[in-house]
Student: 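Got a structure here, written out as structure tokens. Questions coming.
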Amino acid sequence: MEHCIISSPLGCTKIVGDKRGISSISILSSEEKLTDSIPLVLEDCVYQLYEYFDGNRTQFNLNLNLEGTDFQKRVWVSLLSIPYGKTLSYLQLSQQLGDVKAIRAVANANGKNPLWIVVPCHRVIGSDGSLTGYAGGLSRKQWLLEHESPYRQQRLF
């Protein structure tokens, strides 16, 4: 497995993968030394993430190597269907997967998503529209949703 650490508007980001695909993208809780030379197998992922943060990419085209339970993988694949700039509630996601009672299991799988941003778990919100749990912190979730919003809110203060 190859890895690199890059800078993003939300902090240091670690990318892990190999020739089978990208297996992990995570935001780090502390500043880390940035990678001087990006491994060849990760270059396209780094490039696409930079395009996303620059506002020039709304969809990723990467080979993903998802590692998890069958249920987790079903949830993560469903997350990929949430369009850029849109949100879905945990309840709606459970319904989409065919089991309304699985809402807690869906939320748990969502929280274990290993591919930050690329598998857009940040697009899942509470049924009441609230920003519920996010492994990277609610301020990052809010930033990502505002970044993807077609309506740019100007800061007044």
Student: Does T35 reach the side chain of L42, with side-chain heavy atoms less than 4.5 Å apart?
Tutor: no
Student: Show the numbers, then the answer: is there a side-chain contact (heavy atoms from CB on, under 4.5 Å) between R104 and Y90?
Tutor: CA-CA 8 Å; R104 287 183 193 258; Y90 288 99; over 6 Å; no
Student: Do V16 and I38 sit in one hydrophobic cluster, given that two such residues count as connected whenever their side-chain heavy atoms are within less than 4.5 Å of each other, even indirectly?
Tutor: no
Student: L138 and L10: same hydrophobic cluster, using ILVMFWY side-chain contacts below 4.5 Å?
Tutor: yes
Student: Hey, is the main chain of C121 close enough, under 3.5 Å, to the side chain of K141 for a donor-acceptor pair?
Tutor: no
Student: Taking all atoms of both residues into account, what is the closest heavy-atom pair of I103 and S94, and its distance?
Tutor: CA-OG, 3.0 Å
Student: Would you indicate whether the side-chain heavy atoms of L49 and F60 approach each other to under 4.5 Å?
Tutor: yes
Student: Hey, any chance I6 and I25 share a hydrophobic cluster, counting ILVMFWY side chains that come within less than 4.5 Å of each other, even indirectly?
Tutor: yes
Student: When you look at S81 and Q96, which way does the side-chain contact (heavy atoms from CB on, under 4.5 Å) test go after all the steps?
Tutor: CA-CA 10 Å; S81 70; Q96 208 174 67; 3.8 Å; yes
Student: Measuring from L145:CG to I125:CD1, what's the distance to the nearest 0.5 Å?
Tutor: 7.5 Å
Student: Considering non-hydrogen atoms only, spot the tightest contact between V119 and W76 and give its length.
Tutor: CG1-O, 3.5 Å
Student: So among H147, R140, E148, Q142, which one has a side-chain hydrogen bond (donor to acceptor under 3.5 Å, both in side chains) with H122?
Tutor: E148
Student: Return the OG1 to CG distance between T69 and N108, rounded to the nearest 0.5 Å.
Tutor: 9.0 Å
Student: For V106 and D99: C-alpha separation, side-chain torsions, deciding distance, then whether side-chain contact (heavy atoms from CB on, under 4.5 Å) applies.
Tutor: CA-CA 10 Å; V106 166; D99 187 357; over 6 Å; no
Student: How many angstroms lie between atom CZ of R57 and atom OH of Y47, to the nearest 0.5 angstrom?
Tutor: 7.5 Å
Student: What are the two closest heavy atoms between L34 and C12, and how far apart are they?
Tutor: CD2-SG, 4.1 Å
Student: For the atom pair SG (C4) and CD (E43), what is the distance rounded to the nearest 0.5 Å?
Tutor: 9.5 Å
Student: Determine whether more than 12 heavy atoms belonging to other residues, nucleotides or ligands lie under 6.0 Å from atom NZ of K86.
Tutor: no
Student: How about CD on Q59, more than 12 heavy atoms from neighbouring residues, nucleotides or ligands closer than 6.0 Å, or not?
Tutor: no
Student: Does N63 reach the main-chain N or O of R20 with its side chain, forming a donor-acceptor pair under 3.5 Å?
Tutor: yes
Student: Hey, could you give me the OG/CH2 distance between S8 and W116, rounded to the nearest 0.5 Å?
Tutor: 4.0 Å
Student: Quick one: closest heavy-atom pair of C45 and L62, and the distance?
Tutor: CA-CD2, 3.7 Å
Student: Do you know which two heavy atoms are closest between V41 and I22, and how far apart they sit?
Tutor: O-CD1, 4.2 Å
Student: So, for Y50 and S7, which heavy atoms are closest and what is the spacing to 0.1 Å?
Tutor: CE2-O, 3.4 Å
Student: Report whether I5 and I27 are members of the same hydrophobic cluster (ILVMFWY, side-chain heavy atoms less than 4.5 Å apart, transitive linking).
Tutor: no
Student: Distance-only, no hydrogens or angles: does the N110 side chain make a donor-acceptor pair with backbone N or O of V124 under 3.5 Å?
Tutor: no
Student: Output yes when a side-chain donor or acceptor of S89 lies under 3.5 Å from a complementary backbone atom of Q92, and no otherwise.
Tutor: yes
Student: Taking it one step at a time, do L91 and V100 satisfy side-chain contact (heavy atoms from CB on, under 4.5 Å)?
Tutor: CA-CA 7 Å; L91 178 60; V100 182; 3.4 Å; yes
Student: What distance separates S23 OG from L115 CG, expressed to the nearest 0.5 Å?
Tutor: 7.0 Å
Student: Q48 and Y52: side-chain hydrogen bond (donor to acceptor under 3.5 Å, both in side chains), yes or no, with the steps?
Tutor: CA-CA 6 Å; Q48 289 188 39; Y52 169 84; over 6 Å; no
Student: Please list, chain by chain and in numerical order, all residues satisfying side-chain hydrogen bond (donor to acceptor under 3.5 Å, both in side chains) with S30, sequence neighbours excluded.
Tutor: E32
Student: If we only count heavy atoms from C-beta on, is the I15 to S24 side-chain gap below 4.5 Å?
Tutor: no
